[in-house]
Amino acid sequence: MLHKLIESRLQIAVAAALPGAAVGTVLVRPCPDPKFGDYQTNALMALAKERKLNPRAFAADIAARLDLGNLCAKVEVAGPGFLNFHLQPAAIVRALQGAISSERLFYQPAATPRTVVVDFSSPNVAKPMHVGHIRSTILGDCLARTLRLLGHRVITDNHLGDWGTQFGKLIVGWKHHLDAAALVRDPVAEMERLYRWVNQASGTDPAVLEAARQELVKLQDGDAENLGIWRQMQALSQHQFDTVYGRLGVRFDHTLGESFYNPRLKGVVEDLIARGIARESEGAQVVFFDDDSELKNHPAIVQKSDGAANYATTDLATLAYRIETWHPDEIIYVTDGRQQLHFKQIFAALHRWRPEARVTLAHVWFGSILGGDGKPFKTRSGDTIKLADLLDEAEERALRVVTEKSPDLPEAERREIARVIGLGAIKYQDLLPNRQSDYVFQWDKMLALNGNTAPYLQYAYTRIRSIFRKLADSGGGAGSAGDTTALELAAPPEFRLARHLLNFGLTLETVAAEYRPNYLCNYLYELAGHFTDFYENCPVLKADEPARSHRLALCDLTARVLKQGLDALGIETPERM
Ligand code: ARG
């Protein structure tokens with residue numbers, strides 16, 4: 001049988017006492033301040049207003065009619081018409097027991113699973129993956145993991161920038177200036193050098209620019225030699241991307257880059273024209289948004305005056321393909337904030353082009369990563385920082401932290417722990433801030449064992465694991481807790497920890513609904529805090545039975561939630577540090 005979450009049971013009970021109100025409108029949330037109770041709803045205030053009733057009287061009337069079974073010790077009307085619920089300790093215990101005996105920790109699989117496409121990472125061929133792509137990769141991966149955990153059908157798609165005018169210049173460079181040895185040593189750096197060289201030369205020499213234009217036309221017309229060069233550049237880049245994804249533990253169900261949609265672009269433009277959505281303007285084909293106050297002055301070009309399609313055309317073709325192929329309920333695009341206008345245009349164009357499409361489109365955008373000087377994060381010499389170098393440095397710095405902490409561990413083990421900590425620190429630093437704000441990249445802060453960091457949470461996890469190692473060493477059973485059939489919570493820190501555990505599912509749902517992993521970061525940080533408070537005040541291994549078993553059960557649940565929560569963030573957990 002499905003174990004229903006406490007908040008959904010409260011929600012259903014309140015809705016049942018409210019004839020005519022839909023369950024979905026009655027949100028029940030944990031009390032912001034536990035002083036006032038465990039859960040709270042403010043839904044009655046809006047309803048009272050709607051029905052022209054006194055909100056406090058209305059709330060009291062509903063409270064009196066609630067059928068809550070044995071869930072609550074009391075229900076209070078508070079403030080201008082809140083209902084505050086105080087749980088029965090037994091209800092908390094039942095929820096804990098449900099989690100002890102199940103894989104699923106305080107969350108329910110979605111009642112109606114959605115098909116969600118997550119478009120993220122999407123770096124560009126022949127260019128290094130830089131820190132700008134790190135946020136998309138880390139955020140997108142976390143959202144995909146969280147949605148999957150909640151039971152949705154997730155399709156991840158890496159929309160590589162593998163087509164476009166830059167290839168004209170790259171092919172000129174490849175044919176005339178390629179340094180074969182450099183290509184073997186560091187293929188992406190060599191391609192970048194070629195591009196820079198030709199780009200610069202075409203600024204001063206019209207003949208180079210013309211040559212690039214001709215190579216591009218040949219590539220687009222399917223010239224075998226140029227296609228061959230383009231495929232090599234693609235393969236070399238993909239290899240570099242795969243190395244980074246492998247290190248980050250990120251995988252894609254599909255990698256359908258821009259080139260995949262190339263054969264469809266003409267049809268898209270023709271269809272837009274035929275339906276009167278695009279029209280000619282100064283030789284280009286343009287979609288105007290006259291009825292849209294925001295986009296009125298921002299028409300979208302879908303075919304340039306030279307006949308070429310562009311980024312917008314490709315994204316419309318991509319949308320049509322995804323809708324036809326996967327029938328998604330939702331498509332999430334994870335890119336930096338500079339693409340906001342682009343996605344507003346694409347979404348608005350789709351609504352006119354496919355008015356029947358019932359798909360939710362979300363642009364999940366983020367701010368920049370800044371250096372210590374408050375400017376975009378660069379190397380000392382002013383170059384963009386390459387993602388692979390950044391990951392190397394994170395692992396090296398983490399190795400110093402681990403070596404200082406545990407000098408006696410064998411080197412191979414220290415390196416493996418450093419890998420998990422270094423990569424976790426980078427990811428967590430990226431997921432913790434509100435994604436729309438810029439943040440300053442700070443090595444010391446992200447690797448600190450104290451504070452709201454990945455190493456702190458990983459360390460909290462290893463501390464709990466060490467309790468169970470000690471237990472096993474003393475012959476007290478290898479893994480988790482003993483008899484918890486009559487689980488009892490007595491001390492206030494036990495209650496606080498238990499109550500916080502219950503909110504894991506709600507937190508995951510908020511992350512998925514608002515596309516904001518920072519909620520999960522903060523939830524886990526608070527969980528580690530509640531655990532510390534519990535552990536400092538309630539002896540575990542030294543306690544007498546049955547308290548010992550019950551406290552071990554709380555330890556085990558905390559470790560499992562920490563591990564699963566970090567996993568949803570894309571962060572691994574070491575067994576010791
Ligand atoms: N390649 C693009 C960039 O590096 C991101 C693509 C995002 N996805 C999309 N469907 N437009 O900025």
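Whatever order the structure lists ligands and atoms in, that order sets their numbers, starting from 1.
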Query raised in the report: Nearest protein heavy atom to atom 6 (C) of ligand 1, by residue and atom, and its distance?
Result: Y311 OH, 3.3 Å

Query raised in the report: Is a side-chain donor-acceptor pair under 3.5 Å present for Y245 with S121?
Result: yes

**Report entry** Distance-only N or O hit between ligand 1 and D315, under 3.5 Å
**Finding:** yes

**Report entry** Shortest protein contact, atom 12 (O) of ligand 1 (heavy atom only)
**Finding:** Q339 NE2, 2.9 Å

**Report entry** Passing candidate, side-chain hydrogen bond (donor to acceptor under 3.5 Å, both in side chains) with Y311, options E258, Q339, H342
**Finding:** Q339

Report summary line: Per-atom filter on ligand 1: closer than 4.0 angstrom to a heavy atom of F343 are 9 (C), 11 (N)

Query raised in the report: In terms of atom number and element, which parts of ligand 1 are under 4.0 angstrom from non-hydrogen atoms of Y333?
Result: 10 (N)

Report summary line: Ranked by distance from atom 8 (N) of ligand 1, the top protein heavy atom is D119 OD1, 3.1 Å

Query raised in the report: Side chains of N310 and T313: donor-acceptor distance under 3.5 Å anywhere?
Result: yes

**Report entry** Axial cation check for Y515 ring with R435, 6.0 Å and 45° limits
**Finding:** no

Query raised in the report: Does any N or O atom in T335 lie less than 3.5 angstrom from one in ligand 1, N or O only?
Result: no

Report task. Classify the angle between the aromatic ring planes of Y333 and F343 as parallel (below 30°), tilted (30 to 60°) or perpendicular (above 60°). Result -> tilted

Query - Shortest reach to atom 1 (N) of ligand 1 by a heavy atom, considering only S121, G161, S122, A312 - result: S122

Requested in this report: Give the ring-plane orientation class for F441 versus W443, where under 30° counts as parallel, over 60° as perpendicular and anything between as tilted.
Outcome: perpendicular

Requested in this report: Would you please test F252 and F241 for ring pair (Phe, Tyr, Trp, His ring centres under 6.0 Å) and show each step?
Outcome: CA-CA 12 Å; F252 295 91; F241 300 150; 9.8 Å; no

Query raised in the report: With a 4.0 Å cut-off on heavy atoms, does N124 reach ligand 1?
Result: yes

Requested in this report: Give a yes/no verdict on whether any heavy atom in F120 is under 4.0 Å from an atom of ligand 1.
Outcome: no

